[in-house]
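Beneath this line is the structure, given in structure tokens, with notes to follow.
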Amino acid sequence: MILHELIDYETLRIIWWLLLGVLLIAFAVTDGFDLGIGALLPFVARTDTERRIAINSIGATWEGNQVWLILGGGAIFAAWPPLYAVSFSGFYLAMFAILFALILRPVAFKYRSKRDSARWKAGWDWALFIGGFVPSLIFGVAVGNVLQGVPFRFADDMRIYYEGSFFELLNPYALLCGLLSVAMLTMHGAAWLQLKTNGIVAERARSYGIMAALATIVLFALGGLALWYGIDGYRITSEINTIGPSNPLLKTVDHAADAWLSNYHSHPWMMIAPTMGFLGAIAALVSMLARRELAPLLFSQLAIIGIISTVGLSMFPFILPSSLDPRSSLTVWDASSSHMTLFIMLVVALIFLPIIFLYTAWVYRVLWGKIDTNTVNDKSGHAY
């Protein structure tokens, strides 16, 4: 038997769909609180010392947290080439805005304290706000558009045509999802600040975290109601070949009002995901009200896992539906790389992902502890 045939093609496709979800969730759970703190910075920290405390709460780990975004992009490129081609070309301006904001963030970290000027520092503080708020919003807007379907199609020669525009992405439902993303990551950032800081910064973070948790609960509920009553989903109407070639045009797809809810009817265990989303946000809210330190962070992580998983499970097996030509929609069964490629990637992932997890855990263990005035005023020069 050839080695890669130890795992059949269908199973490999599901494994890589799951791994893509794991990578995206890992990015949201780790770098999510970095983005949330950036979005909160003008509000929770009002003096230079307070802002340095907030910045240094993530100063030692934010670079490492971005590895999950890189891994997610790499996984899309190698495991789901059509998805990479459509999303990175169709969402070009949105991707550019995200990259600009993410590039602006490290520049702000490095240059903020290079001059002893209040105006200089304030400018870089707003750059950090942009670096946190803009990606948080656009990631959510992208998810909202994916749930509605993206205006692309494949020609018979498999050439991709995208017929949308940047401003069409900013539709009401997508903006609702964008606000949910901002609220969710702001809640997460506030929970991190409550754990890592003391005094007025932690107290302000708690106040804003309570509001963000409430907003997360309300917006998540509104998003679900919109899917139930107003947003049509997609359903494969032809025979499904789970081990067939990666050619989206070999199937037929129709719009259906309840398509994104059908998986929950067929597999009730999937209700675990939205339940985790709601209960995690509610528990984060309660624990913030009770002035707990670690619990809000753990529960906000649970909420993030539940909310992101809800999107993936609702859409399965779709990964990028097409509103222009439903037949061109990309699914788990017709948008993957070859059997051999997925197997080789899985072997590599099984070797390196545990190393990354262990190294990340070790870094957080070594750098555990609170950031306070003494930390940022330490003359050793390690603080931003």
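Nothing fancy with the numbering, it's 1 onward along the sequence.
Within the 4.5 Å cutoff, the side chain of W80 has heavy atoms near those of the V332 side chain. Proximity of V146 to P321: side-chain heavy atoms (C-beta onward) are separated by under 4.5 Å at one or more points. Residues I236 and F318 meet the side-chain proximity criterion, which asks for heavy atoms closer than 4.5 Å. Put simply, the side chain of T61 reaches to within 4.5 Å of the side chain of V363, judged on heavy atoms. Using a 4.5 Å heavy-atom threshold, the side chains of D254 and P326 count as separate. Between L342 and S336 the shortest side-chain heavy-atom distance falls below 4.5 Å. Between D116 and K121 the shortest side-chain heavy-atom distance falls below 4.5 Å. Proximity of H339 to L12: side-chain heavy atoms (C-beta onward) are separated by under 4.5 Å at one or more points.
Residues T331 and D334 bring a donor and an acceptor atom of their side chains to less than 3.5 Å of each other. T11 and D8 form a side-chain donor-acceptor contact under 3.5 Å, judged by distance and modelled atom types alone. Side-chain contact of Q66 with R105: a donor-acceptor pair under 3.5 Å is present, judged by distance alone. No hydrogens or angles considered: a donor-acceptor pair under 3.5 Å links the side chains of Y264 and S314.
A pairwise comparison of heavy atoms in P42 and R51 identifies O-NH2, 4.2 Å as the closest pair. Minimum interatomic distance between L250 and P245 (heavy atoms only, all atoms of both residues): CD1-CG, 3.7 Å. Across all non-hydrogen atoms, the minimal contact from M315 to L320 is CE-N, 4.5 Å. Considering all non-hydrogen atoms of both residues, I319 and A335 come closest at CD1-CB, 4.1 Å. Scanning all heavy atoms of the two residues, the minimum distance from I308 to A28 falls at CD1-CB, 3.6 Å. Minimum heavy-atom separation, P248 to L330: CG-CD2, 3.6 Å.
In this structure, F154 and F152 have perpendicular ring planes: the angle between them is above 60°, well past the 30° mark. Between W126 and F129, the angle of the ring planes goes over 60°, which puts this pair in the perpendicular group of the 30/60° scheme. Taking the six-membered ring where the residue is Trp, W368 and W192 present perpendicular rings, their angle passing 60° and hence far from 30°. Aromatic ring pairs are classed by plane angle as parallel below 30°, tilted from 30° to 60° and perpendicular above 60°; the pair F316 and W333 is perpendicular.
Cation-pi geometry between R112 and W124 is not met at under 6.0 angstrom from the ring centre and within 45 degrees of the axis.
Checked for salt-bridge contact, D258 and R235 meet the test: a charged N lies under 4.0 Å from a carboxylate O. For the pair E293 and K196, the salt-bridge criterion is not met [side-chain N within less than 4.0 Å of a carboxylate O]. Under the 4.0 Å criterion applied to side-chain N and carboxylate O atoms, R204 and E50 are assigned as salt-bridge partners. A salt bridge does not link R13 to E10: none of the charged nitrogens lies less than 4.0 Å from a carboxylate oxygen.
A donor-acceptor distance shorter than 3.5 angstrom exists from the side chain of K370 to the backbone of L195, with no hydrogens or angles considered. T341 places no side-chain N or O within donor-acceptor distance of the main-chain N or O of S337, the cut-off being under 3.5 Å. Side-chain atoms of K251 come within 3.5 Å of backbone N or O of R327 as a donor-acceptor pair. When atom types are taken as modelled, the side chain of S89 and the backbone of V86 share a donor-acceptor pair closer than 3.5 angstrom. A distance-only check finds a donor-acceptor pair linking the side chain of T216 to the backbone of A212 [under 3.5 Å]. Remark: side-chain polar atoms of S266 are not paired, donor with acceptor, to backbone N or O of N263 under 3.5 angstrom. In this structure, the side chain of S238 engages the main chain of T252 through a donor-acceptor pair within 3.5 Å. With hydrogens and angles ignored, the 3.5 Å screen pairs no side-chain donor or acceptor of H188 with any backbone N or O of G36. Remark: the backbone N or O of P151 is not paired with any side-chain donor or acceptor of S322 at under 3.5 angstrom.
Criterion: ILVMFWY side-chain heavy atoms under 4.5 Å apart, direct or through other members. Under it, W362 and L71 are not part of a common hydrophobic cluster. With hydrophobic clusters built from ILVMFWY side chains whose heavy atoms lie under 4.5 angstrom apart, V150 shares a cluster with L93. In the hydrophobic clustering of this structure, F77 groups with V348; members are Ile, Leu, Val, Met, Phe, Trp, Tyr whose side-chain heavy atoms approach within less than 4.5 Å, directly or through other members. Cluster annotation: I70 and L19 are assigned to distinct hydrophobic clusters (Ile/Leu/Val/Met/Phe/Trp/Tyr, side-chain heavy-atom contacts under 4.5 Å, transitive). Hydrophobic clustering of Ile, Leu, Val, Met, Phe, Trp and Tyr side chains at less than 4.5 Å, counting indirect connections, unites L69 with I355.
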- Message: Quick one, I138 with F133, criterion side-chain contact (heavy atoms from CB on, under 4.5 Å). Give me CA distance, side-chain angles, the key distance, then yes/no.
- Response: CA-CA 9 Å; I138 295 181; F133 178 81; over 6 Å; no

- Task: Mind running side-chain contact (heavy atoms from CB on, under 4.5 Å) on V141 and L175 for me, showing each step along the way?
- Result: CA-CA 6 Å; V141 167; L175 289 174; 4.3 Å; yes

- Item | side-chain contact (heavy atoms from CB on, under 4.5 Å) between Q194 and E203, intermediate numbers included | CA-CA 7 Å; Q194 196 171 334; E203 186 59 28; over 6 Å; no

- side-chain contact (heavy atoms from CB on, under 4.5 Å) assessment of N198 paired with I53: CA-CA 9 Å; N198 286 315; I53 288 172; over 6 Å; no

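With rounding to the nearest 0.5 angstrom, the CG atom of L279 is 9.5 Å from the CZ atom of F299. Rounding to the nearest 0.5 angstrom, the gap separating the NE2 atom in H267 from the CG atom in L313 is 10.0 Å. Atom CG of L346 and atom CG of L350 lie 4.5 Å apart (nearest 0.5 Å). Here the straight-line distance linking atom CD1 of I304 with atom CG of L185 works out to 5.5 Å at 0.5 Å rounding. With rounding to the nearest 0.5 Å, the separation of OG in S323 from NE2 in H255 is 7.0 Å. I55 CD1 to D34 CG: the interatomic distance, rounded to the nearest 0.5 Å, is 12.0 Å.
No more than 12 heavy atoms of other residues, nucleotides or ligands shown are found within 6.0 angstrom of OH on Y359. Atom CG of D156 sits in a sparse spot, with 12 or fewer heavy atoms from other residues, nucleotides or ligands closer than 6.0 Å. Crowding of I243 atom CD1: a count of heavy atoms from other residues, nucleotides or ligands under 6.0 Å not exceeding 12. Counting heavy-atom neighbours within 6.0 Å of W228 CH2, excluding the residue itself, gives a total of 12 or less.
Ring centroids of W68 and F27 are separated by 6.0 Å or more, keeping the two rings apart.
Each side chain to side chain donor-acceptor pair (under 3.5 Å) pair with one or both residues in residues 161-174, not counting sequence neighbours, appears once here: N145-N171, Q148-N171, R153-E163.
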